[in-house]
Amino acid sequence: MKTRLDLRLDTLVFKPDPEPHIEIKQELCLECENKPCTFACPAQLYVWDGEQIVHNCDGCLECGTCRAICPHEAIEWRYPRGGYGVRYRWG
Amino acid sequence: MAEHIHDCIVVGAGPAGSAAALQLAREGLDVVLLERGDRPGEKNVMSGVLIPNKLRELIPDFVDRAPLQRRIPPGAYQRHYLTEDAVLSMPILREYGVDEGPRPFYTVFRSQFDAWFAQQAVDAGAELFTATLAEDLLWEDGHVVGVRTRRGGLRARVVIGADGVNSTVAEKSGLGTKPTPTEVSLIVREILDLPAETIEDRFNLRPGEGALNLFAGVVHGANGGKGIYYSELYTNRDSLSLTAEVPLDVSLTCQVPNYEVLEARERHPYIATMIRGATLREYQAHLIPWSGVSDFGQLYDNGVLLAGDAGRFTTSEGVGSWPSMASGAAAARTVKHACERGDFSRSTLAAYPAFLDEEGMVERTRETHRSWEYNVAHRQFRAHEAETLVRIARRYSRVELREFGVPFPEQESYAHSIWGQIYHELVKPQSPWYIRWVLRPAVWLDTLRWQQRRRGRDKI
């Protein structure tokens, strides 16, 4: 079943970049207490499955919140290549 | 043949970049504008309204030509404080005689406006490369001499970094670091479809006019954490924009998913009636900086300048569009000045703050930085501000009702008069000692009187 957030994300147009633009240093996440990326990301792309952070680059809104909020600098985040990624029609 | 060296590369075709490119192209310089989206504006989110201070100077007839949504006259801008079950609206004065007014605001969609604005720069002679991400800077002898893209290197005498809050140019040049949670807020925004006539009826507007509502409210974390956040509801031609802005340090303490903050706003009875019947068109998120730089030396270096969000140019209210344009224009004037001298080293580009000052951005940035420091220092007080104001307003309105004979038995339970309450709850927590010490004797006397009156009332 789709969550309310899924319905929101369905309104967006993406051109997914085959090259991932987010990399996570998982060993740092093990020590992380609150895991702020799991609640701060507006698209909820980061999920803690008990052992590691599972993430998906394709629905990224390119806001950079995860990068700013990560207390351990475990998230290597850069922009997707030119022309790829989210495309706001009503930004 | 030697590689072509442009006069200037502007990274980012947002308000700052396009303003800089437009001005440079008008000066007859060879300027390249880079945009990572397929079209300028498609990576941007407008988290407020367009204040056309600088735009009017750059393009005097923009009202007829730019893709604007609605004109927001002075007096259609209202501020509210929200608690779970109440709303306190600040009074506004709407003067119909003068609302063609000197400074109306406009609502715009970035995807339309930025594309139009970049086109103005192209029409003036700038070269625009879309779908081109500046991934790194090119260096020579400690000077920035261009940018590296997937399509190869582009060389220029100077680079203007106008690439937003997550600025590659700022970070690669060593001028800035990645934003910290206290410096930025996350905006989540949704566009809600609603017919134009319904909007005009509901918000009491004449055709083409828009309204802007700013809400300050509270986030309640599941862990007991509490913080202030802001929402805005404003009108486009046939849609509404509802935003929720959460400072990332508030997000850290409250641990509430940011889209849930937006949903909590949708459910608030006051906002729910405003957006009744509207359907979701698009969901968006963006970071805005609101710290301002503390030192203008962080804005320029050998062969590089920062403008717009990359240089943290916003007003103390977080309005970014016109400070961006003003800083872009100042950067363009600095580049022109450096071209005339034929030198692009840090010492020549140090004229940037002087040009910023002419645009009024130096004073504005200092104010932004001060206000940011104040807000961070008073986070605890700000978290309760809406509830405190609503509590005081509730007491005041009950006092008014008593004039009509509505009994108000709780009156006796207050330890202070309403003035005393305002002092203790609003003034004391956020004022410096010299204000508290001046007011303290007056409040003390007032409290004595209040206690006397209460005793007198008890005897009756």
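Just the heavy atoms: all of them, side chains too, but no hydrogens, waters or symmetry mates, feed the values below. What you see is a predicted model, and the numbers here were worked out from it, not measured in a lab. Letters go in sequence order (proteins before strands), and every chain restarts at 1.
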Could you tell me which of B:Met46, B:Arg110, B:Arg150 has the largest number of non-hydrogen atom pairs under 4.5 Å with chain A? B:Arg150
One option among B:His286, B:Arg189, B:Glu260 has the most heavy-atom pairs under 4.5 Å with chain A, and it is B:Arg189
Heavy-atom distances under 4.5 Å only: say whether B:Glu183 touches chain A with side chain, backbone, both or neither. neither
Under 4.0 Å between a Lys/Arg side-chain N and an Asp/Glu carboxylate O for A:Arg4 and B:Glu190? no
Could you please spell out the steps behind the side chain to side chain contact (heavy atoms under 4.5 Å, CB included) verdict for B:Gln255 and A:Lys35? CA-CA 10 Å; B:Gln255 304 189 10; A:Lys35 301 185 176 48; over 6 Å; no
Any residue of residues 63-74 of chain A which, by heavy atoms, sits under 4.5 Å from chain B: A:Cys63, A:Gly64, A:Thr65, A:Arg67, A:Ala68, A:Ile69, A:Cys70, A:Glu73
Heavy-atom distance under 4.5 Å to chain A: side chain of B:Leu34, backbone, both or neither? neither
At a 4.5 Å cut-off on heavy atoms, which part of B:Val246 comes close to chain A: side chain, backbone, both, or neither? neither
Chain A heavy atoms under 4.5 Å from B:Leu287: which part of the residue, side chain, backbone, both or neither? both
Contact winner vs chain A - B:Gly164, B:Ala285, B:Ser239, B:Pro181, heavy-atom pairs under 4.5 Å: B:Ala285
Side chain, backbone, both or neither: which part of B:Asn258 has a heavy atom under 4.5 Å from chain A? both
Atom CZ of residue position B:Arg281 - does it have more than 12 heavy atoms of other residues, nucleotides or ligands inside 6.0 Å? yes
Is any side-chain heavy atom of A:Gln44 closer than 4.5 Å to one of B:Pro257? yes
Side chain from CB out, backbone as N, CA, C, O: work out which of these in B:Glu171 comes under 4.5 Å of a heavy atom of chain A, or both, or neither. side chain
Taking a cut-off of under 4.5 angstrom between non-hydrogen atoms, the residues of residues 48-59 of chain A near chain B are none
A:Leu9 vs B:Tyr283 side-chain heavy atoms within contact, under 4.5 Å: yes
Could you tell me which residues in residues 79-91 of chain A have at least one non-hydrogen atom under 4.5 Å from a non-hydrogen atom of chain B, sorted by residue number? A:Tyr79, A:Pro80, A:Arg81, A:Gly82, A:Gly83, A:Tyr84, A:Gly85, A:Val86, A:Arg87, A:Tyr88, A:Arg89, A:Trp90, A:Gly91
Within residues 12-31 of chain A, the residues sitting under 4.5 Å from chain B by heavy atom, in sequence order, are A:Leu12, A:Glu19
If I measure from the heavy atoms of chain A, does B:Thr132 come under 4.5 Å with its side chain, its backbone, both, or neither? backbone
Check whether B:Asn223 gets within reach of chain A through its side chain, its backbone, both or neither, counting any heavy atom under 4.5 Å. neither
Go through A:Arg8 and B:Leu280 one step at a time and tell me if the side chain to side chain contact (heavy atoms under 4.5 Å, CB included) criterion holds. CA-CA 8 Å; A:Arg8 287 174 190 281; B:Leu280 182 65; 3.9 Å; yes
